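Notes follow the structure.
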Amino acid sequence: MSDSNTTDFRNPPTFILLGIPGLEAAHIWISIPFCAMYTIAVLGNFTILFIVKREPSLHVPMFYFLCMLAVTDLVMSTSTLPKMLSIFWFNSREISFSACLTQMYFIHCFSVMESGILAAMAFDRYVAICNPLRYLATLTNSVVAKLGLAVMLRSGILALPYPFLARRWPYCRTNIIPHFYCGHIAVVKLACADIRINSYYGLFNLFSMIGMDGFFIAVSYTLILRAIFRLPTKDARLKIFGTCISHLCAISALYIPDLFSSLIQRFFHNVPLHFLILITSVYQLVPPMIHPIIYGVRTKQIRGRLLQLFTHKET
């Protein structure tokens with residue numbers, strides 16, 4: 001006769017999200033910077049979409065990629081932050097099994113999509129700086145659309161196994177997830193089964209994403225840097241070099257926390273859980289917040305249209 005505490009059930013009706021275990025007393029205080037960063041991310045990305053849509057002169061490949069990145073950032077941050085804030089503010093910890101799997105899919109799908117768009121943007125910058133006379137001939141609207149579609153299909157396909165792998169296991173230990181969202185490993189760790197295939201697939205996905213996209217980004221920016229050092233004036237070199245460094249910082253803000261948290265979850269079990277979750281929150285919040293600043297406000301055309309918009313309102 002099976003023990004009641006270890007009864008198999010493949011589809012638990014709900015999971016309970018704990019938020020940040022060990023820091024429950026500080027949830028309200030932690031929510032303040034998180035809410036501020038989410039607000040900046042939403043306003044910043046919507047502003048970019050609004051300005052690019054409104055201004056025909058910005059209907060060029062660079063800003064098409066920027067709009068793709070803005071939509072991706074909005075979806076990725078909105079997949080987790082509203083639920084996190086409801087946990088912190090209203091103690092609303094329950095999430096249904098199907099909603100948990102849906103959240104899992106969106107998080108992994110759009111993180112891979114964001115990586116692919118950053119790789120496409122690096123290629124865009126390479127063509128613009130290293131071969132400017134052929135920029136519009138190389139990156140036609142058709143090419144941009146095909147690149148966007150390829151990135152979308154790749155991310156959708158790579159993320160598809162996550163909810164299916166999580167759904168097939170029996171969950172007989174607990175339905176309490178010590179996290180603020182339904183991450184793949186956080187969920188399958190609750191299963192009463194050998195989850196090595198989940199861990200292996202997660203690592204394959206992570207390293208293929210970072211390896212493939214990181215390779216294209218590294219090659220693009222290496223060629224860009226070579227072109228920069230051939231520029232005749234120091235001011236031009238410093239200007240483009242500063243832009244490249246800020247772009248690389250934005251890329252690092254996506255890859256480093258994701259890689260760090262994934263490896264710690266699998267191989268280092270003595271790290272405090274709240275530290276790991278805070279690292280994950282950096283990956284979820286910081287890129288969507290800084291991308292509008294680095295790729296938008298620092299871009300002369302966007303900044304000019306934004307100032308023009310506010311000037312018209314004042315007059």
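As the structure is a prediction and not an experimental result, all values here were calculated from the model.
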Determine whether a donor-acceptor pair (N or O, by modelled atom type, separation under 3.5 Å) exists between the side chain of [X] and the backbone of [Y].
| X | Y | answer |
| --- | --- | --- |
| Glu114 | Leu69 | no |
| Ser208 | Asn205 | yes |
| Ser155 | Met152 | yes |
| Glu24 | Gly22 | yes |

Of Tyr201, Tyr181, Tyr162, the one forming a ring-ring contact (aromatic ring centres under 6.0 Å, His included) with His108 is Tyr162

Verify the distance criterion only: is there a donor paired with an acceptor across the side chains of Asn198 and His184 at less than 3.5 Å? yes

I want to check something: taking the side chain as every heavy atom from C-beta on, are Lys83 and Ser92 in contact at a cut-off of under 4.5 Å?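 A side-chain contact under 4.5 Å exists here.
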
Check the angle between the aromatic planes of Phe97 and Phe15 and answer parallel, tilted or perpendicular using the 30° and 60° thresholds.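 Rings of Phe97 and Phe15: tilted, 30 to 60°.
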
Not counting sequence neighbours, which residues clear salt bridge (Lys or Arg N to Asp or Glu O under 4.0 Å) with [X]? List them please.
| X | result |
| --- | --- |
| Asp124 | none |
| Arg196 | Asp194 |
| Glu55 | Arg305 |
| Arg93 | none |

By side-chain hydrogen bond (donor to acceptor under 3.5 Å, both in side chains), Tyr255 pairs with (sequence neighbours left out) Ser115

How close do [X] and [Y] get, counting heavy atoms only, and between which atoms?
| X | Y | answer |
| --- | --- | --- |
| Pro21 | Ile277 | CD-CD1, 3.4 Å |
| Asp213 | Gly116 | OD2-N, 3.4 Å |
| Leu18 | His27 | O-CE1, 3.6 Å |

For residues 110-148, which residue pairs pass the ring pair (Phe, Tyr, Trp, His ring centres under 6.0 Å) check, not counting sequence neighbours?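 Non-adjacent pairs meeting ring pair (Phe, Tyr, Trp, His ring centres under 6.0 Å): Phe106-Phe110.
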
